[in-house]
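One structure is given below, encoded as structure tokens.
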Amino acid sequence: MALLMRLATRQALLRHVRPSSILMKAAAPMATSPSEQAKAYWEKNKELGRPVAPHLTIYKIDWHTLLSGTHRLTGFIMYTGLAAIAAATLIVPASYPAWIAAIKTWPIAIPAIIYPAKVGAAFTVFYHLLNGIRHIAWDFGKGFAMKDINRSGYVAMGLALILAVFAATIVPSS
Amino acid sequence: MGEPLTVYTGHWKAEKYLALGLLGLVPTALFVQHAAIDYALAAAMILHGHWGMKAIIDDYAHQGKKGRAATPFWTNLSIGVSAFTFATLCYFNYNDVGICGAVRLLWTIT
Ligand code: HEM
């Protein structure tokens, strides 16, 4: 959550910084070729010791890298989690309902621990599923406009968080 | 290199349609409990996860100059883990509460 807030504020900051970056470009002395122009621009930036524009792109990419990295991480967690649970069922050869009954007696089986754990588990599945829809759409050649990429990313992350918080509140009857 | 390109496009398509199948299967499993869904989940999750893990280990454990695929150690390990997990999930579906039942029971812990 803190990470999300930080990302959100960075986005907001972006809006204020961008105009000045245009000014910086305009202030660079004219040169004959684009590469010379760029060189002059960077030299002037260095001289003045002012922060440079590429930071902005780093912030922007950060969010997309986070989304993509989270897809890989959630897929990896589900796969290794399944393998680990499968191994555990052989190492601890009690029936699964007996496991659950035992876990319910553990001192850490309190809502303050179980609820966040459920939110995390549900988020892992929902995020991978929703972001998977984006991947499948891209694979069919759809949704590549930057506007769509941004919007669908926010929707996948937002909806996954909402669904996870909601799913964790559901308690099956038996 | 010698293989026709269709081998790769065929596999690529299989991966995508399998992901699409999972996309239908997983939400269904949240609402419908059935032995057929348990077995379909075991097969689809493991195959999809196995191909996904292949992409991951090809990225991080590739053979460098010798090729872009993962080293034999990681390739064999991933095949072993996938086969083992699939077999265990089938055993679990047959002898215990099954995948859907397991998630449901897990969620009764509060
Ligand atoms: C719920 C339905 C699911 C959908 C729609 C889905 C979709 C996808 C898609 C489209 C990709 C490819 C991403 C790319 O092209 O880079 C992918 C990757 C992956 N998925 Fe899933 N998936 C689902 C469930 C699962 C499950 C249950 C597991 C675990 C067993 C899993 C494990 C993985 C892994 C390990 C990768 C590779 C990640 C990577 O290469 O970065 N997925 N998934």
Side-chain angles (χ1 to χ4, degrees), chain A residues 71-91 93-106 108-115 117-118 121-122 125-126 128-133 135-140 163 167-174, chain B residues 9 12-13 15-27 29-31 33 41-42 44-57 59-60 77-78 80-93 95-110:
Chain A
H71 190 80
R72 173 158 282 198
L73 192 68
T74 50
F76 180 81
I77 289 173
M78 285 191 287
Y79 179 86
T80 48
L82 265 180
I85 293 170
T89 60
L90 297 188
I91 295 167
S95 75
Y96 185 83
W99 274 36
I100 298 296
I103 291 172
K104 281 177 178 167
T105 67
W106 292 357
I108 59 159
I110 51 169
I113 290 171
I114 299 298
Y115 182 76
K118 280 183 181 175
V125 175
F126 286 131
H128 190 92
L129 187 152
L130 291 168
N131 198 57
I133 298 176
H135 270 284
I136 292 168
W138 293 332
D139 293 333
F140 283 95
L163 282 176
T169 63
I170 297 174
V171 181
S173 48
S174 63
Chain B
T9 56
W12 190 83
K13 279 184 190 159
E15 272 187 5
K16 302 311 155 189
Y17 284 110
L18 179 59
L20 207 55
L22 258 181
L23 183 58
L25 197 57
V26 171
L30 289 177
F31 298 100
Q33 286 193 51
L41 269 177
M45 284 196 303
I46 294 307
L47 190 55
H48 168 82
H50 181 77
W51 281 337
M53 290 302 288
K54 181 179 170 4
I56 294 178
I57 64 173
D59 276 354
Y60 303 131
L77 182 68
S78 79
V81 171
S82 295
F84 163 79
T85 309
F86 177 64
T88 310
L89 285 177
C90 288
Y91 180 85
F92 185 80
N93 284 342
N95 290 296
D96 212 314
V97 293
I99 296 171
C100 298
V103 173
R104 189 183 168 83
L105 265 183
L106 188 68
W107 235 242
T108 64
I109 303 172
T110 48

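On a predicted model such as this, the values are computed, not experimentally measured, just so you know. All chains are named by letter (A, B, ...) in the order of the sequence lines, taking the proteins before the strands, and each is independently numbered beginning at 1.
- The closest side-chain heavy-atom distance from Glu15(B) to Asp139(A) is not below 4.5 Å.
- With a 4.5 Å cut-off on non-hydrogen atoms, Ile103(A) touches chain B through its side chain but not through its backbone.
- With hydrogens and angles ignored, the 3.5 Å screen pairs no side-chain donor or acceptor of Tyr96(A) with any backbone N or O of Val97(B).
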* side-chain contact (heavy atoms from CB on, under 4.5 Å) evaluation trace for Asp96(B) with Trp99(A) -> CA-CA 12 Å; Asp96(B) 212 314; Trp99(A) 274 36; over 6 Å; no
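- A distance of 12.5 Å separates OG1 of Thr110(B) from CD1 of Ile113(A), quoted to the nearest 0.5 Å.
- Interface remark: Val81(B) contributes backbone and side-chain atoms alike to the contact with chain A (heavy atom separation under 4.5 Å).
- Other residues, nucleotides and ligands contribute at most 12 non-hydrogen atoms within 6.0 Å of the NZ atom of Lys13(B).
- Contact between Trp107(B) and Ala168(A) at its shortest, heavy atoms only, is NE1-CA, 4.1 Å.
- Chain B forms the most heavy-atom pairs under 4.5 Å with one residue out of Pro97(A), Ala122(A), Ala121(A), and that residue is Pro97(A).
- Interface residue Leu106(B): backbone and side-chain heavy atoms are both found under 4.5 Å from chain A.
- Among Ala87(B), Gly101(B), Ser82(B), the residue making the largest number of heavy-atom pairs under 4.5 Å with chain A is Ser82(B).
- Heavy-atom minimum distance, Arg104(B) versus Ser173(A): NH2-OG, 3.4 Å.
- Using a 4.5 Å cut-off between heavy atoms, His128(A) contacts chain B through its side chain alone, with no backbone atom that close.
- Contacts between Tyr115(A) and chain B at a heavy-atom distance below 4.5 Å are absent for every atom of the residue.
- Listed options Ile100(A), Ile170(A), Ile110(A) were ranked by heavy-atom pairs under 4.5 angstrom with chain B; first place goes to Ile100(A).
- Contact annotation for Leu129(A): both backbone and side-chain heavy atoms come within less than 4.5 Å of a heavy atom of chain B.
- With a threshold of 4.5 angstrom between heavy atoms, Leu20(B) approaches chain A through its backbone and through its side chain.
- For the atom pair OH (Tyr79(A)) and NE2 (His50(B)), the distance works out to 6.5 Å, reported to the nearest 0.5 Å.
- Rounding to the nearest 0.5 Å places CD1 of Ile85(A) at 10.5 Å from OG1 of Thr85(B).
- Side-chain N or O atoms of Lys118(A) include one that pairs as donor or acceptor with a backbone N or O of Ile109(B) at under 3.5 Å.
- For Ala101(A), no part sits under 4.5 Å from any heavy atom of chain B, backbone or side chain.
- Considering only heavy atoms from C-beta on, Phe84(B) comes within 4.5 Å of Leu90(A) through its side chain.
- Proximity to chain B (any heavy atom under 4.5 Å) is restricted, for Thr89(A), to the side chain, taken from C-beta onward.
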